[in-house]
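Below: the structure, in structure tokens.
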Amino acid sequence: MKLFTMKAFKIFFVLTAVLALISGCSKKDYYTDGGLSSGQYNGTVLQYLESRPELFTTLVQVVKYAGMEQAVNAEDITLFAPADSSIRSLLQFVNERLPMAGKNQITKIQDIKPTIWRKYLNRYIFKGSKGLKDYPQLDIENLSAFAGQMYTSYDGTPMNVGVIYNDANGVKYAGYRQLTISLVNSATPRDYTTWYSATIASVNIKPTNGYVHAIRYGFHFFGFNRFEFMDDLIYNN
């Protein structure tokens, strides 16, 4: 009886795995770093951000305070959305250093001029709708062949966006695809090690006025270059 139970369990496990594979192949999945995200959203980009307060409450405040509400709520755009944790990481970084420059620490969004917030927020916003399939391949070890593509952000900042094709089972470029956005160093545009990059956790979230690609949080500082942001707080705030 015990032997039969173990054998039955193995058969059940195999059948379950096969059914899961078939079911997975029949769905229209969205690439993430370990999960799926719902594609369609019945609302604007701004409304989508507001619907995810656990991720984007502070980002929504920045959008409104920086005067970008109209663009995010009504225009046709693509937003690479940084989570609130990236803003917290940035503020923690600058607050540890501002007193050494004779400046007060930042305690609220309004302690920073709207023009500064807009400068860095605009690096995440692009006119027009683009999903994962609309971006070219990026291979950081072979930029001469696969360099992604340079795009101009909403307010004119040059940014590189590309899709990294990972390897799978020893087959080059056969693995999952990962969307990446980078602030390129204008002095060394072909040197990837000088770029400020962010990888995307969830792609192709589709509100009514564009696309949202959610940036993987944990290793990203809002604005890409936290040292530049700090300099703006010291000299321009």
Side-chain angles (χ1 to χ4, degrees), residues 37-95 98 103-131 151-159 161 179 181 183 196 198 200-218 220-226 228-237:
S37 89
S38 175
Q40 297 293 325
Y41 177 77
N42 187 25
T44 67
V45 171
L46 182 60
Q47 288 170 338
Y48 171 75
L49 298 179
E50 291 174 330
S51 75
R52 300 297 305 273
E54 75 281 10
L55 292 175
F56 303 122
T57 295
T58 307
L59 178 62
V60 169
Q61 295 174 5
V62 170
V63 167
K64 295 178 178 180
Y65 183 62
M68 296 293 288
E69 183 174 359
Q70 171 66 20
V72 175
N73 199 45
E75 298 182 26
D76 184 39
I77 64 165
T78 299
L79 171 67
F80 292 82
D84 289 351
S85 59
S86 69
I87 300 176
R88 289 194 298 269
S89 295
L90 171 69
L91 295 182
Q92 180 180 351
F93 174 82
V94 299
N95 278 336
L98 285 175
K103 296 288 185 176
N104 294 328
Q105 292 184 328
I106 304 301
T107 60
K108 58 184 182 298
I109 297 299
Q110 292 75 16
D111 288 340
I112 300 174
K113 291 180 179 179
T115 53
I116 294 178
W117 281 119
R118 178 168 179 138
K119 172 184 174 180
Y120 294 94
L121 175 64
N122 110 87
R123 295 174 176 179
Y124 300 93
I125 304 173
F126 298 80
K127 295 179 180 179
S129 301
K130 287 185 180 293
Y151 296 90
T152 301
S153 71
Y154 191 90
D155 281 347
T157 302
M159 305 288 293
V161 184
L179 188 60
I181 179 172
L183 175 66
Y196 295 90
I200 307 306
S202 299
V203 304
N204 290 0
I205 303 163
K206 189 67 177 70
T208 55
N209 67 314
Y211 276 101
V212 174
H213 306 301
I215 291 176
R216 184 176 67 182
Y217 53 85
H220 179 65
F221 290 89
F222 179 82
F224 292 88
N225 187 343
R226 62 190 186 275
E228 182 185 359
F229 195 101
M230 184 174 66
D231 285 345
D232 271 334
L233 294 185
I234 294 173
Y235 300 110
N236 300 316
N237 192 30

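Contact detail for S85 and G218: the closest heavy-atom pair is OG-N, 4.3 Å. The shortest non-hydrogen separation linking Y211 to N204 is CD2-CA, 3.7 Å. Considering all non-hydrogen atoms of both residues, K130 and Y151 come closest at CE-CE2, 3.8 Å. Annotation for P207 and G43: closest pair CB-O, 3.1 Å, computed over non-hydrogen atoms. Between G67 and R118, the shortest heavy-atom contact is O-NH1, 3.6 Å. Closest non-hydrogen pair, S202 versus I200, comes out as O-CG2, 3.3 Å.
Residues F221 and S86 have side chains not in contact (no heavy-atom distance under 4.5 Å, counting atoms from C-beta outward). Side-chain contact between L55 and D84 is absent, with no heavy-atom pair separated by less than 4.5 Å. Within the 4.5 Å cutoff, the side chain of K108 has heavy atoms near those of the D111 side chain. Between F229 and I116 the shortest side-chain heavy-atom distance falls below 4.5 Å. With a 4.5 Å cut-off on side-chain heavy atoms, L59 and L121 count as touching. Put simply, the side chain of L233 does not reach to within 4.5 Å of the side chain of K103, judged on heavy atoms. Contact annotation: the side chain of R226 never approaches that of Y196 to less than 4.5 Å [non-hydrogen atoms, C-beta and beyond]. Side-chain contact between Y120 and D232: present, with at least one pair of heavy atoms (C-beta onward) separated by less than 4.5 Å.
Atom CE of residue M230 and atom CG of residue N95 lie 11.5 Å apart, to the nearest 0.5 angstrom. From I125, atom CD1 reaches atom CG of N122 across 7.0 Å, with rounding to the nearest 0.5 Å. With values rounded to the nearest 0.5 angstrom, L79 atom CG is found 9.5 Å from M68 atom CE.
Sorted by first then second residue, the salt bridge (charged side-chain N to carboxylate O under 4.0 Å, His left out) pairs that include residues 62-74, not counting sequence neighbours, are E50-K64.
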Practice problem: Dump the intermediate steps for side chain to side chain contact (heavy atoms under 4.5 Å, CB included) on K113 and N236, then the final yes or no. | Solution: CA-CA 9 Å; K113 291 180 179 179; N236 300 316; 5.8 Å; no

Practice problem: Run the numbers on I112 and L91 for side chain to side chain contact (heavy atoms under 4.5 Å, CB included), then give the verdict. | Solution: CA-CA 11 Å; I112 300 174; L91 295 182; 4.1 Å; yes

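Note on ring orientation: taking the six-membered ring where Trp is involved, the planes of H213 and F80 are tilted (angle from 30° to 60°).
Ion pairing between R52 and E54 holds under the 4.0 Å rule for side-chain N and carboxylate O.
A 6.0 Å sphere centred on CG of N104 holds no more than 12 heavy atoms belonging to other residues, nucleotides or ligands. In Y217, the OH atom is not crowded: 12 or fewer heavy atoms of neighbouring residues, nucleotides or ligands sit closer than 6.0 Å.
Between the side chain of T157 and the backbone N or O of R123, no donor-acceptor pair lies under 3.5 Å. Side-chain atoms of S153 do not come within 3.5 Å of backbone N or O of F126 as any donor-acceptor pair.
Evaluated for a side chain to side chain donor-acceptor pair (under 3.5 Å) with S129, the options T78, D76, N209 yield exactly one hit, D76. When each of F56, F224, W117, Y154 is paired with Y124, the ring pair (Phe, Tyr, Trp, His ring centres under 6.0 Å) condition holds for F224 and for no other.
A side-chain N or O of T44 and one of N73 form a donor-acceptor pair less than 3.5 Å apart.
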